[in-house]
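Worksheet for the structure shown next.
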Amino acid sequence: MATLSFEQVKGLSAQEQSQLQELAEVFQRHQIQNTLKEKYYEGHVTLSDVNIGIALPQGLNNLSVGCSWGQKAVDVLASRSMFDGFVGRGNLEGVSALVEDNRLLSEYAKACREELKYGCVFATLSADAEIRCKIRFHSPVSAAALWNGEKGRIECGLAIIATEPDQQHQGTWKPSIVNFYTDTAVIVLRDQSGRWKAQRFPHKMGRPLMEPMIWNATGSKPFGRSRLKLPVRCLIDDYIRIVANATIALEFDTTPQKYLLGVTDEQYDAIMSDKFKQYVGSVLAATTNPETGDNPVFGQLAQGSLAPHVEKLRMTATQFSAATGLTVTDVGVVNDANPTSSDAILAQSQTLVLMAQQLNASNGAALRTIILMAQAIANNATLEDLTDEQLDIMAHFKNPAMPSVAVTADAAIKIASSRPEFSGTDTFLEMIGFDQADIRRIKEQEQRVRGQKLLVEVENEDIGEDVG
């Protein structure tokens, strides 16, 4: 992408101009690292990127070695963060409409992957005539923000909304529309013949209409840290080198080195003229050397072994598992021992479950802020104007431990035995294995059965009255 830079933009205050330029610098500064993380996530790391030039000849740099560890590190954790909507004590029809219109459940799944890949992802909000409030997610590849430590939130931010081909740099794209988010307005910047024109849309939220979802934040890194940090990338590099070495070793093992001593010049020329034919031939014949009187001696050098490569791969996989919280099975290492019990498998994934719980807690707080601002925008109000019912809302996630249906169904039945009303709730049906589509069908059919029973009772009463 072309360099993002803003010269003096007409219509901005001095403070806004300073903030915008600082945002552009922050955005540009992180693009190299963001491109590197995308490269490791997609598995596009080549042998030339990791070859240290000792065991692997430079001529083999074009050898392709596929590695999905980067994608595994992100996707396995993201798959355990299953956003299931919002819950609260009041009427959630308005909230449900916002969630459905913005496809928030599916968009969250994509945003969660971006969050873990880069360390954070940004949600932006804007008023919309059709769905009242539009919610969109932007990765750091297309957005940037400044952090306000005193307020504990974003100070300001920008998001690239649209791009167009860059005529000066063939094959690249440049931003054409950029949204600039401040405490008082959303400022839409449009590129018009190389100059940016600002259009201001004031709001009364009192904070930018931009909220981050952050993974593994620290005091020095308020926007979090990527799952593909340097130690993890180094282990992926190690994996690629090991597989490359093993592949080359296998090539030599397939065609072991053979030797034939004491042959005549004519026999030597015949062998060298077609070495492959001599290798694959089932019979190798040679006469006594007339000059020395010795019979030719045939031999074969000892074959190499793949065992050291396999052991090194196991060691690297174990280190990767420890660094990411994945089980060694997740990274493709099969245990040669007896099959592991379900309890042992659950114990191995406990670290990943704890990480998912941490991810759900931080993202749940961000999603609550997002939906509160969405309700305020939809009602043309401020956060202070929201009712207690609108404020009493929280994000709900499915159990990251992903227990089996048999386990959850058994727990649901035990709960229902002590709390009979629980058996009539949607939660009970979810725990015994039904999804929302099934629950809706079940409730509709139950209502139809109740209506049919009521109709039969009314008819019987009418027949009884007629008989009497």
Side-chain angles (χ1 to χ4, degrees), residues 74-116 120-123 125 131-137 211-215 346 349-350 352-375 378 389-413 415-416 419 421-444:
V74 171
D75 291 356
V76 172
L77 178 56
S79 65
R80 288 183 178 266
S81 181
M82 297 168 283
F83 176 52
D84 199 32
F86 294 94
V87 295
R89 65 179 182 180
N91 187 351
L92 298 180
E93 290 184 2
V95 172
S96 299
L98 289 170
V99 170
E100 184 176 350
D101 291 339
N102 286 283
R103 302 190 300 276
L104 206 55
L105 299 185
S106 60
E107 290 298 317
Y108 171 82
K110 293 187 288 186
C112 188
R113 285 178 170 82
E114 300 292 295
E115 173 190 3
L116 295 174
C120 66
V121 70
F122 302 98
L125 300 93
I131 61 175
R132 301 187 298 162
C133 179
K134 182 182 294 183
I135 304 172
R136 293 293 180 266
F137 291 96
E211 178 69 15
M213 292 196 308
I214 304 170
W215 165 249
L346 182 61
S349 62
Q350 193 61 33
L352 196 65
V353 172
L354 294 175
M355 287 183 177
Q357 290 174 343
Q358 175 188 348
L359 178 64
N360 291 346
S362 61
N363 285 355
L367 287 169
R368 180 179 182 274
T369 300
I370 292 169
I371 201 64
L372 290 181
M373 288 197 295
Q375 289 182 93
E389 287 188 352
Q390 290 174 321
L391 292 171
D392 186 19
I393 190 173
M394 61 187 299
H396 178 259
F397 294 85
K398 294 181 180 179
N399 188 350
M402 296 190 294
S404 65
V405 175
V407 173
T408 56
D410 182 63
I413 293 172
I415 296 172
R419 299 176 64 93
E421 297 83 2
F422 178 68
S423 62
T425 64
D426 290 356
T427 304
F428 175 81
L429 295 176
E430 288 178 355
M431 291 181 67
I432 63 177
F434 296 108
D435 58 22
Q436 284 298 321
D438 290 332
I439 292 173
R440 182 173 298 182
R441 291 175 59 204
I442 289 171
K443 287 187 170 294
E444 289 177 353

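Note that the structure is predicted; figures quoted are calculated from it, not measured. Below, all heavy atoms of this structure are taken into account, side chains as well, without hydrogens, waters or symmetry copies.
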[atom1] of [X] to [atom2] of [Y]: how many Å apart, nearest 0.5 Å?
X      : Y      : atom1 : atom2 : result
Glu114 : Phe137 : CD    : CZ    : 11.5 Å
Leu116 : Met213 : CG    : CE    : 9.0 Å
Ile371 : Ile135 : CD1   : CD1   : 5.0 Å
Cys133 : Ile370 : SG    : CD1   : 10.0 Å
Met82  : Cys112 : CE    : SG    : 11.0 Å

Q. Can you list every pair that meets side-chain hydrogen bond (donor to acceptor under 3.5 Å, both in side chains) and has a residue in residues 85-94, with sequence neighbours left out?
A. Arg89-Asp392
Q | Exercise: identify the closest heavy-atom pair between Gly94 and Arg132 | A | O-NH2, 3.4 Å
Q | Closest non-hydrogen atom pair, His396 against Phe83 | A | O-CD1, 3.6 Å
Q | Arg368 side chain to Leu391 backbone, donor-acceptor under 3.5 Å | A | yes
Taking the side chain as C-beta and beyond, is there a heavy-atom pair between [X] and [Y] under 4.5 Å?
X      : Y      : result
Gln390 : Leu372 : no
Met355 : Trp215 : yes
Ile131 : Leu98  : no

Which side-chain N or O atoms in residues 356-367 pair as donor and acceptor under 3.5 Å with protein atoms at least two apart or in another chain?
unit_1, atom_1, unit_2, atom_2, d
Asn360, OD1, Ser81, OG, 2.7
Asn360, ND2, Ala356, O, 3.4
Ser362, OG, Gln358, O, 3.4
Ser362, OG, Leu359, O, 3.1
Asn363, ND2, Tyr108, OH, 2.9
Asn363, ND2, Glu115, OE1, 2.9

Q) How would you list, by chain and number, every residue that makes a salt bridge (Lys or Arg N to Asp or Glu O under 4.0 Å) with Glu389, sequence neighbours excluded? A) none
